[in-house]
Each structure stands twice: as C-alpha cells, then as structure tokens.
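Everything below concerns the one structure shown next.
Chain naming here is simple, since letters A, B, ... match the order of the sequence lines and numbering starts at 1 in each.
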Amino acid sequence: MSDAVLTSPVARRRAPGRLADPSVWLFALLTLLLVLLVANPILRLVWDSFHTAQGELSLQSYVAALGRGRHLQALLNSLYLGAAVTVLALALGVPLALAVSRTNMPGRGFTHLSVLAAFVMPNFLGAIAWILLAGPNAGWLNRLWIELTGADKGPFNIFSFWGLAFVIALYTYPLIYVFTKSALDLVSTELEDAAAIHGAGKFQTMARVTLPLVLPSIVGAAILIFLEAIALYGTPALIAIPARINLATTQLVSFFQYPLQVEQAAAFAMPILLLTVVMLALQRRLLARRGYVSVSGKGGERRPFDIGAWKWVLLAYSVLVALLTVVMPLIILVLASLSKAWGRGLAPGNLTLANFHGIFFEQLTVRSALFNTVLFSGATALVCVAVGICVAYATQRRITPFPAFVQFLAMAPIAVPGLILAIGLYSAYAGPPFSLYGTGALIVVAFTTRFLPISVAAGAAGVRALNPELEEAVRVLGGNRITVLTRVVAPLLKKTLVGAFVLVFVICTKELSTAVFLTGPASRVVSVLTLDLSEQGNYETLAAMGVVLVVIVTLVVAAGMKLAGRDFMLRRS
Amino acid sequence: MFLHRRQFGVMAAATLAAPWVARAQSTPSAALYEAAKKEGELTWYTVPQTSEVAERMGRTFTTRFPGVKVNVVRTTAQVAFQRLNQDLKAGAVNCDVFTSTDLSHYVDLKGRKLLLKHTPEAVALQDKRVQNMDPDGHFHASSAFMMGLVYNTGKVQAAAAPKSWNDLLDPRWAGAAVVAHPAYSGAAGAWCIEMRKLYGDGWIKKLAASKVHVGRSTIDAVTNVISGEASVSAGPMSLAARSAAKGNPVATVAPKEGPVLILAPSGIMANARHPNAAKLFMEWYLGSEDTERIAVEEFSVPLRAGAKTAPGVLGLGDANPLLAPTPGDMVTEIPKVIELWKDAFGV
C-alpha cells in the first residue's frame with residue numbers, strides 16, 4: 001500500500017501550508033453542509049413558532065396551539081401512549097434479550113432472527129396486518145374465536161388505546177432487545193457466581209445482580225422507545241383516528257389542513273421538542289455513567305444460565321412474540337394480497353393474482369412509489385455513509401475546529417421527532433431559494449438529515465477502533481487527509497460502512513413521518529402512498545405493495561448480512 | 001383481467017351503449033391537442049374516484065390522446081386541499097387540474113384568484129341542471145355520485161336494513177356502523193351538513209355515542225362493509241353498487257329523507273404548468289364518451305345531457321327527495337360540522 005501512496009501524484013506534491021491541504025477545505029465544506037442541513041430547519045421551526053404568518057414577532061401561535069383543551073388532550077394522550085408502549089416493549093424485549101444472551105434456551109438463533117425481522121418490518125405495514133387480524137368484527141383472529149367458542153363477538157379490538165399501543169410496541173421493541181442484549185453480553189459470570197456462592201438462587205441472582213447491572217441500558221432504551229412512540233404518525237393515522245384518540249402527531253397534521261397553520265404547528269411542536277431534548281439528555285447521562293464497572297469491558301468467563309424447565313417457558317414466549325410480530329402479520333398480508341376481498345377469508349373463488357398485476361401494470365403510482373422508495377433510500381444511505389464517515393473521521397481525529405460542536409450538529413437530528421423535522425424542512429427548503437418541494441432531492445435531504453446520526457455513530461465507533469499509526473504512516477509519506485480517508489480508513493472500515501448503508505436503507509424504507517409533508521406527485525414513496533390508499537380501506541392492494549416492499553428489503557438485508565456479518569443490524573452503536 | 005372485472009357492469013351498460021354512438025361528443029381542436037402534446041403531461045389531483053378508477057381514467061385519456069400523460073394523485077378532499085395549499089405556499093405548482101368533492105374549496109380558490117377562468121366547450125353538452133355551477137366559469141361540475149345507506153347483505157336482511165338516516169343511531173348497529181370523518185372527506189362534510197339540517201346539532205353527538213367506526217374516506221365506508229367489519233354505513237351508493245356487481249355482499253338503500261348528492265367540480269389552476277394539457281383533459285373529462293362510459297360502469301351519475309345511468313342507479317332527476325348542499329352551504333357550514341365532529345368524537 002505504501003508503494004501506491006508514494007507514487008501517487010498527491011504524494012509527490014508537498015503541501016506548503018495547512019490551507020493548501022484540500023482536505024481542510026473539504027471538511028470546512030462538510031461543516032457548512034451540516035449547519036445548512038441540520039441547524040437550518042430546526043432554527044426555522046423555532047423562529048416560526050414565535051412569529052405570525054406575516055412575520056411579526058408574537059406569541060399568538062402558542063396561545064392558539066396550546067390554549068385549547070382538545071389540543072392539550074392530544075399531548076396528554078401521546079404521553080399516555082408513550083408510557084404504555086414503553087411498558088409493553090419492555091415486556092417483549094427484556095425477556096428475549098435475557099434468554100438469548102444469558103440462558104441455555106433452545107432456538108436462540110431463531111429468536112435473534114425473529115427480532116431482526118420485527119425490526120425490518122415497517123410499522124405502518126404491521127398496523128395494516130393487525131387491522132386485518134384484530135379488526136373488532138371482521139378481524140381473522142376474532143372470527144376464529146367466534147368459530148371456536150361460538151361467542152357472538154371476538155375479544156380483540158385493534159381500534160382501541162391498547163390495540164394501538166400493542167401494535168406500536170410490536171415493531172419498536174427490537175430497540176429494547178438490542179440495548180439489553182448488548183449490555184448483557186458484557187456482564188461476566190463472576191459476579192453471578194459470587195451471588196450463587198453466597199446462597200442466591202438463580203432467579204435471585206438474575207433479579208439482584210444481572211438485571212441491575214444492565215438497568216441503565218434498559219432505561220436508556222426505554223426512553224428511546226417512549227420518544228419514538230410519541231413521534232410516530234403512520235400507525236396512529238391508521239388506528240388512532242378510528243379509535244377516536246387524538247394524538248400529538250395527528251393534531252400536528254391537522255394544523256396542516258387548510259388554512260395552513262405552519263406557525264401553530266411549530267408552536268405545538270415545541271413542548272414535544274423540549275421533552276425529547278430533556279429525555280435524551282437524561283438517557284445520555286444514564287448510559288455514560290461509569291459506576292457499573294463490570295459492564296465496561298469484556299473479560300472473565302461467560303456461561304449461560306441453566307434455567308431448567310423454564311427454558312421451555314421462555315422458548316414458548318419467544319415463539320409467541322415471533323408469531324405476533326412477524327409470522328402472523330406476514331401470513332395475513334400474503335393472504336390479503338392474494339384475495340379478492342380480504343373479509344371473505346380463505347374462501348374458494350377468493351384467490352387472485354390481480355392485486356399484484358394491478359400494482360405492477362395498472363396502478364402506475366404504486367410502481368413508481370416502489371421505485372422511488374428504493375431509489376431515495378439507496379441514495380440517502382449512500383450520502384449518509386459518505387458524510388457519516390467523513391464527519392466521524394474529522395471529529396474523532398480532531399481535524400476540524402470545534403470537533404465537539406460538529407459532532408453535536410451531526411447527532412442533533414436524533415432529538416427532533418420526524419414529523420417536527422419535516423415541518424422544519426418544509427419551512428426551510430420548500431420555498432425559494434431552494435424550491436425543492438415535491439422533488440426527490442428534498443426527500444433525500446430530509447432522510448439524510450434524519451438518519452445521519454446513525455451513520456455518524458457507526459462511523460465514529462469504527463474510527464475509534466483504528467490505530468492512528470496507519471493514518472500517520474500515510475501522512476508521513478506525504479499523503480493528505482483525503483488519501484488517508486479513501487485509501488486507508490474506508491477500506492479498513494468496509495464492513496462497518498456496508499452495515500451502516502443497509503441499516504440506513506432499511507430505516508428509510510420504513511420512514512413515513514418525515515416524508516408525509518414533503519412528497520409531491522413525482523416523489524411519492526411507499527409509506528406515503530400506503531397512507532393515501534389506506535383511506536380507501538383497499539387492503540388487498542396495500543398488502544400486495546407491502547409484500548413486494550418486504551421482499552425487496554429482505555433481499556437487501558440478506559446481502560448486507562453476507563457482506564457485513566450476521567449481527568450488523570442488531571448492534572448498539 | 002379487465003374482462004372479468006368488468007363483466008357485470010359492462011354487460012349491463014352495453015345494452016345502453018348503442019345510442020351513444022350517434023350522440024354529440026366534444027371533440028377538442030387539433031390545435032389544443034398539439035399544444036397539449038408539447039407540454040406532454042398534466043397532474044390531476046382528484047378525490048371523487050377510487051385510486052383504481054382515477055388511474056384507469058388517466059390511462060384512458062392517454063390512450064385517447066397519445067403523448068399526454070396524466071399523473072394521478074388521489075386522496076380525500078381535505079388532504080388534497082392541504083397538499084394544494086402546501087404546494088402554493090411553497091411556490092411549487094404541481095397541480096394542473098383540481099377535482100374535489102368539497103365545493104367550498106373552489107369558492108375559496110376562486111376568491112384567492114387561483115383558478116383559471118375557462119369554460120370548456122364540453123360544458124354545453126352537460127345536463128342543464130349541472131351547467132353554470134360557477135357563473136364566472138372558474139370551475140365546472142365534472143362528476144357526481146349519491147351518498148346513501150350501504151349494508152352488508154351477509155349480515156343484514158333487506159327487510160331489516162336501515163331505511164332512514166336516523167336508523168344509523170339504532171342500537172342494533174352500535175359498534176357495527178361506519179362513517180367518514182368530515183375533516184378528511186369532502187363527501188362526509190356534505191353529508192354532515194345535510195344531517196345537521198335534518199336532525200340538528202345534537203345528532204353528531206348521538207352518532208358519536210352510538211360507537212360508530214370512523215374512517216377517513218367515504219370509500220372506506222364501503223370497503224369496511226364489504227369486509228364485514230361494519231354492517232351498515234353512510235357511503236357512496238355508486239361504489240357500493242359497483243362492488244355488488246363484482247360479487248361482494250353489499251347493497252344500497254336510498255334513505256327516505258333522500259340521498260345526498262355529491263357534485264364534484266373540476267377547475268384548472270390559474271398558474272398551471274400545463275395549461276393546454278389541462279384544458280384538453282377538461283374537455284375529455286366533462287364531455288367524452290370515455291368518461292360517460294366509465295361513469296356508467298362505475299355506477300355513478302353521468303353528467304352529459306341525456307345520459308342513461310346503469311340499471312338501478314339513481315340519475316340526476318330520479319331521486320326525490322334529494323339532499324344537495326349548495327356551494328354557499330359548504331363554505332359556511334363545513335368548518336362548523338368539522339368542529340362539532342371533533343368535539344363529539346374527540347378526534
């Protein structure tokens with residue numbers, strides 16, 4: 001490698017001063033881009049909230065947005081929902097993480113895979129599947145129940161507060177699993193052995209030693225789940241409106257109904273934004289605590305707990321969770337996509353391929369939305385990975401001035417719920433001078449802003465693991481930072497980068513809230529089209545579109561697993 | 001697959017098809033077509049059809065006028081208007097032809113000078129009763145359907161089916177009736193206005209108390225009845241009849257107080273990027289055999305003078321009484337019923 005560097009034209013040119021190094025300019029440009037991408041929409045949002053539509057400074061928007069009982073109730077409902085989802089997600093995620101990481105439960109690989117599948121499944125698709133499964137009158141589960149028990153009504157009602165919380169938890173719990181499992185993987189058995197020697201039983205050990213050790217991670221993940229639940233729009237639009245629950249996100253959207261009240265929307269968003277920032281700060285403090293020394297590094301012996309017959313109970317639970325999150329929803333979606341009318345069930349004469357024919361050959365918008373989704377997600381993932389590794393490198397190696405600030409900028413979008421970020425992006429880029437509204441570029445900008453933190457975090461973890469000696473060797477031999485980045489860092493971090501690419505790609509295909517205000521006729525993505533088509537209750541077509549999307553994403557994930565290792569999606573970064 | 005999907009409707013309609021051939025049809029001038037071809041496409045925000053039918057109309061138009069593509073964006077009325085206003089605020093002119101079910105949106109757009117003053121020649125071929133919707137020619141009636149009572153024939157016997165709008169409050173349907181939200185659906189807005197006129201402010205509260213299921217589109221009110229999720233609903237009779245013809249367990253009743261006529265206007269945006277394609281599309285939409293045929297096949301109400309509806313479908317002159325809110329009603333009443341609704345339903 002050093003030969004190649006020596007003979008490259010870049011290497012022969014001696015840099016006379018720091019400013020002549022093109023990489024300094026590149027990184028300066030990058031910082032500027034970050035300011036534009038991240039600070040611009042967020043500042044616009046805050047500015048809007050304090051001004052009237054005519055641009056006068058005023059608190060009027062706050063009075064209008066927060067001064068009504070119905071609006072405050074929506075905020076309150078969202079908080080309840082966030083709490084309920086968090087509890088359910090904990091109940092789903094913690095036992096599975098314990099089982100896979102610390103016990104001798106059979107089928108651990110299968111369980112791990114089922115969590116990955118739940119993570120890949122778009123939330124809005126899961127919601128549609130569950131409407132088909134647990135609609136109060138026609139849901140297949142309810143009809144099965146009626147068939148089996150002879151009752152005149154089934155027990156499940158997805159159009160309820162707990163139905164809504166349940167569906168959201170089903171597709172957010174992987175986060176709890178990932179955080180808990182990552183922490184558990186670092187706990188050494190010695191402490192548990194010590195507890196056992198002092199006479200603690202297995203459950204006492206688990207409850208008094210193992211779990212407390214990973215508690216900060218669990219609480220940290222719980223906070224993220226809470227925030228995700230209050231920021232979600234797709235599932236609430238599908239379930240909360242029929243369930244008559246007004247939520248913060250559905251309320252935010254109704255500010256966008258005519259007459260358009262962007263300022264009120266911005267004002268209404270402020271309490272949510274504030275809550276998010278506070279809770280994230282709390283989460284960071286929790287996770288940064290170094291009090292739990294045993295979690296700080298690998299070491300010691302790790303033996304799985306032999307939990308005796310309980311392993312079958314845990315296995316049954318894992319299978320149940322897999323059934324609820326992935327297996328049943330996918331079966332129902334495939335069946336619905338092959339049905340003429342889903343409500344008729346598996347009846348003879350109800351089978352058809354027409355829905356697939358329809359989405360590929362007749363409903364041109366569906367085909368173009370599928371194409372757009374893949375295109376925009378791919379482009380976003382590419383940009384995120386490129387910008388992410390540059391930012392990570394520049395900040396980790398302290399090349400740019402104020403590296404901490406640059407890192408903060410890149411990570412800041414995490415603290416902005418998608419729908420709120422979308423409002424900021426709409427204000428910032430829709431009109432002149434950018435005039436990006438309705439273009440695919442705006443969707444890519446929006447997705448990039450929203451998901452940059454993922455690739456930056458992944459890149460930073462990768463760069464931290466590299467010994468600077470390699471890079472210094474290039475510098476000593478006269479190569480500049482760009483050579484370092486492209487010839488040394490990027491090749492060494494290939495797996496990390498591929499992993500980040502696939503991760504961002506998958507998350508983009510699921511993203512609805514950022515896209516909902518920003519797409520135009522030519523830039524619609526599957527998530528937005530799902531929302532449009534779901535108004536008509538045309539679940540057969542929606543199911544067909546969902547099945548195609550799941551197939552595409554699964555292929556991408558499979559390729560990613562091949563290139564970046566089995567575990568890349570479910571690592572905590 | 002078209003062939004078997006059409007089966008019933010087409011055969012029923014075919015018996016009526018003969019007279020069309022002889023009837024006048026608006027033939028847009030070659031110059032207009034040429035100009036439209038130069039623009040190559042138009043974007044059509046539309047509400048009254050299902051997305052399948054809207055896309056089929058777009059494809060049929062392109063078959064009739066090769067070289068002019070139609071980008072179809074189908075949503076509910078309030079969402080369409082929200083997007084349109086979002087577009088306008090952003091200075092992005094996406095929409096060329098705007099077709100919706102909420103008349104008040106047109107009054108509003110016209111007031112803001114956002115609609116092109118243009119009367120397609122095809123208007124002269126329309127039924128006199130729907131001509132002159134806007135005396136100044138900024139928007140024109142383009143399609144129509146009736147909101148009526150819809151029920152699932154597998155769950156409800158014809159004799160037991162609701163006969164009056166007020167029957168929706170019958171405890172028999174508690175948890176088994178479905179309606180659409182007026183803050184999303186324009187047709188639901190018009191329907192709410194008429195219900196309020198008939199039964200007063202308290203009716204929407206009573207509706208909320210009887211645990212009706214709330215969808216976003218009135219189309220959903222039909223699909224929910226077909227799936228069996230609901231037994232009865234207030235929904236578009238045209239779509240229900242069309243679905244029944246396809247073999248689904250659904251039937252309609254014209255309530256004794258009268259069905260609600262939903263007249264969907266179309267207008268060209270004043271700053272449309274494809275004005276000629278838009279004009280060509282309007283000629284075709286308002287006055288062509290294609291659209292009349294599709295209207296009949298879809299069991300909605302064709303608007304061309306002398307057009308015959310599909311058997312069993314109420315035409316413009318067939319329903320008596322008929323409830324039909326005026327544009328003026330829609331302007332003043334829609335915001336009120338949305339507020340009443342949100343207070344009653346909480347969302």
Side-chain angles (χ1 to χ4, degrees), chain A residues 70 73-74 131-132 135-139 143 153 159 237 240-247 250 253-254 256-260 262 340-344 349 352-354 357-358 362-366 426 430-432 435-439 517 520-522 524 532-539 541, chain B residues 1-2 5 43 45 50-52 55-56 58-59 71-76 78-79 81-87 89-92 94-95 105 108 175-176 178 181 183-185 208 213-217 219-224 226-231 243 246-249 342-343 345-347:
Chain A
R70 207 169 58 217
Q73 187 62 47
I131 289 173
L132 305 182
N137 298 318
R143 288 205 316 222
K153 210 163 164 34
F159 297 112
I241 292 171
R244 300 193 201 163
I245 303 164
N246 197 22
L247 294 169
T250 41
V253 171
S254 76
F256 264 64
Q257 280 167 358
Y258 186 77
L260 195 59
V262 180
K340 285 180 185 155
W342 69 273
R344 276 159 60 191
T352 176
L353 281 173
H357 184 270
E362 287 169 20
Q363 296 227 37
L364 300 177
T365 47
V366 177
Y426 175 83
S435 298
L436 287 178
Y437 180 78
T439 64
F517 294 133
R524 276 195 294 182
D532 285 359
L533 290 183
S534 70
E535 290 171 345
Q536 309 176 20
N538 188 348
Y539 295 122
T541 304
Chain B
M1 78 149 279
F2 251 159
R5 261 181 59 183
T43 297
Y45 282 21
T50 63
S51 60
E52 292 88 350
E55 294 231 16
R56 187 171 143 221
R59 285 200 310 278
N71 306 313
V72 178
V73 181
R74 194 277 155 190
T75 55
T76 49
Q78 305 301 337
V79 173
F81 197 49
Q82 171 198 323
R83 296 232 174 114
L84 189 71
N85 280 296
Q86 227 171 277
D87 293 354
K89 188 166 169 145
N94 289 326
C95 175
H105 293 166
D108 177 277
V178 57
H181 197 310
Y184 292 84
S185 161
H213 178 97
V214 182
R216 280 172 289 159
S217 169
I219 294 171
D220 188 32
V222 176
T223 42
N224 258 312
I226 292 171
S227 73
E229 190 52 69
S231 302
S243 303
K246 276 163 71 180
N248 288 301
K342 286 186 170 173
D343 282 339
F345 283 81
V347 65

**OP:** Just do the side-chain contact (heavy atoms from CB on, under 4.5 Å) check on A:K340 and B:N248 with the steps written out, would you?
**Re:** CA-CA 9 Å; A:K340 285 180 185 155; B:N248 288 301; over 6 Å; no
Is the shortest heavy-atom distance from the side chain of [X] to the side chain of [Y] under 4.5 Å?
{"X": "A:Q363", "Y": "B:V72", "answer": "no"}
{"X": "B:Y184", "Y": "A:I241", "answer": "yes"}
{"X": "B:K89", "Y": "A:Y437", "answer": "no"}
{"X": "B:E52", "Y": "A:T541", "answer": "yes"}
{"X": "B:Y45", "Y": "A:P521", "answer": "yes"}
{"X": "B:S51", "Y": "A:T365", "answer": "no"}

Original post:
Which bit of A:R244 comes within less than 4.5 Å of chain B, counting heavy atoms only: side chain, backbone, both or neither?
Top reply: both
Original post:
Measuring heavy-atom distances to chain B, does A:L533 have an atom under 4.5 Å in its side chain, in its backbone, in both, or in neither?
Top reply: side chain
**OP:** With a 4.5 angstrom heavy-atom cut-off, could you sort out which part of B:V178 is near chain A: side chain, backbone, both or neither?
**Re:** neither
**OP:** Kindly compute the distance separating CZ (A:F517) from CD (B:Q86), expressed to the nearest 0.5 Å.
**Re:** 6.5 Å
Subject >> CD-OG distance between B:Q82 and A:S254, expressed to the nearest 0.5 angstrom >> reply: 9.0 Å
For the pair [X] (side chain) and [Y] (backbone), establish whether a donor and an acceptor sit closer than 3.5 Å, ignoring hydrogens and angles.
{"X": "A:N137", "Y": "B:E229", "answer": "yes"}
{"X": "B:R59", "Y": "A:E362", "answer": "yes"}
{"X": "A:E535", "Y": "B:T76", "answer": "yes"}

Subject >> Heavy-atom closest pair, residues A:A138 and B:G228 >> reply: CB-C, 3.6 Å
**OP:** Would you mind telling me which of B:D87, B:L84, B:V222 has the largest number of heavy-atom pairs within less than 4.5 Å of chain A?
**Re:** B:D87
**OP:** For each of B:A230, B:A208, B:S231, tally heavy-atom pairs with chain A at distances under 4.5 Å, and name the one with the top tally.
**Re:** B:A208
Original post:
So B:F345 and A:N246, side-chain contact (heavy atoms from CB on, under 4.5 Å) or not? Walk me through it.
Top reply: CA-CA 9 Å; B:F345 283 81; A:N246 197 22; over 6 Å; no
Original post:
Does the salt bridge (charged side-chain N to carboxylate O under 4.0 Å, His left out) test come out yes or no for A:D532 and B:R216, once each step is laid out?
Top reply: CA-CA 10 Å; A:D532 285 359; B:R216 280 172 289 159; over 6 Å; no
